Structures are given as C-alpha cells and as structure tokens.
Amino acid sequence: EKHFDLEEPHKFAKKFEDEFETKIIDQHESNDFTQRIAKVVLTIIKDNDAGIFRMPVDPKVWKIPDYVDKIENPMDLGTILNKIHL
C-alpha cells in the first residue's frame with residue numbers, strides 16, 4: 001500500500017523557491033560578493049523570526065511618533081537587500 005508523504009508538497013515548494021531565488025540572484029548580481037551577501041540576507045528574511053525586520057518601520061502604525069527623531073538611519077532587511085542590488 002502506497003502512502004502519500006504529507007511533506008512532499010512542502011519539499012517541492014522549498015526546492016522551487018530555492019531554485020528560483022538562486023536564478024534571480026545569479027542573473028541580477030554582478031559579482032560574487034553581492035551574490036553571496038544577497039543569499040545571506042534572503043536566508044535571514046525567510047526566517048520566521050525575521051518578520052518584524054523585513055520592512056521599514058511605519059511610525060504611525062506602531063504609534064511611535066518620535067521614531068524618526070530617535071533613529072537617524074533606519075534600516076530593515078528589505079532596504080538592505082535593495083541596497084545590495086544598486
């Protein structure tokens with residue numbers, strides 16, 4: 001009797017995501033350093049605990065009106081990834 005592996009769709013999705021990511025990085029990054037650092041940042045972005053660091057802070061949403069007064073150079077993982085691509 002053949003059983004369906006419940007993990008199989010997740011494995012396929014992960015493999016597809018990794019291959020797609022590699023293709024995008026390899027096509028858009030001009031040198032070895034930016035390819036490697038982009039892969040590191042993407043790995044961090046995909047981590048479940050990185051959610052709050054993926055996008056810039058919106059002081060209105062978080063109700064912290066003095067955020068821009070306290071944080072001179074705000075940085076998030078998405079911004080870092082975009083700067084790598086420049």
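Since this is a predicted model, take the numbers as computed values, not measurements.
A donor-acceptor pair is defined here as one N or O able to donate and one able to accept, closer than 3.5 Å; no such pair exists between the side chain of Asp66 and the backbone of Asp69.
The shortest heavy-atom contact between Ala50 and Ile44 is CB-O, 3.1 Å. Across all their heavy atoms, Pro59 and Val68 have their closest contact at CG-CG1, 4.5 Å.
Distance check, rounded to the nearest 0.5 Å: CD1 of Ile52 to CG of Asp76 gives 11.5 Å. Distance CD1/Ile80 to CD1/Ile84: 7.5 Å, rounded to 0.5 Å. In this structure, CD1 on Ile64 lies 9.0 Å from CG on Asp58, to the nearest 0.5 angstrom. Taking CG of Leu42 as the start and CD1 of Ile37 as the end, the distance is 10.5 Å to the nearest 0.5 Å.
At most 12 non-hydrogen atoms from other residues, nucleotides or ligands lie less than 6.0 angstrom from CE of Met55.
Considering Asn73, Thr79, Leu77, Ile71 as possible partners of Met75, the one that fulfils the side-chain contact (heavy atoms from CB on, under 4.5 Å) test is Thr79.
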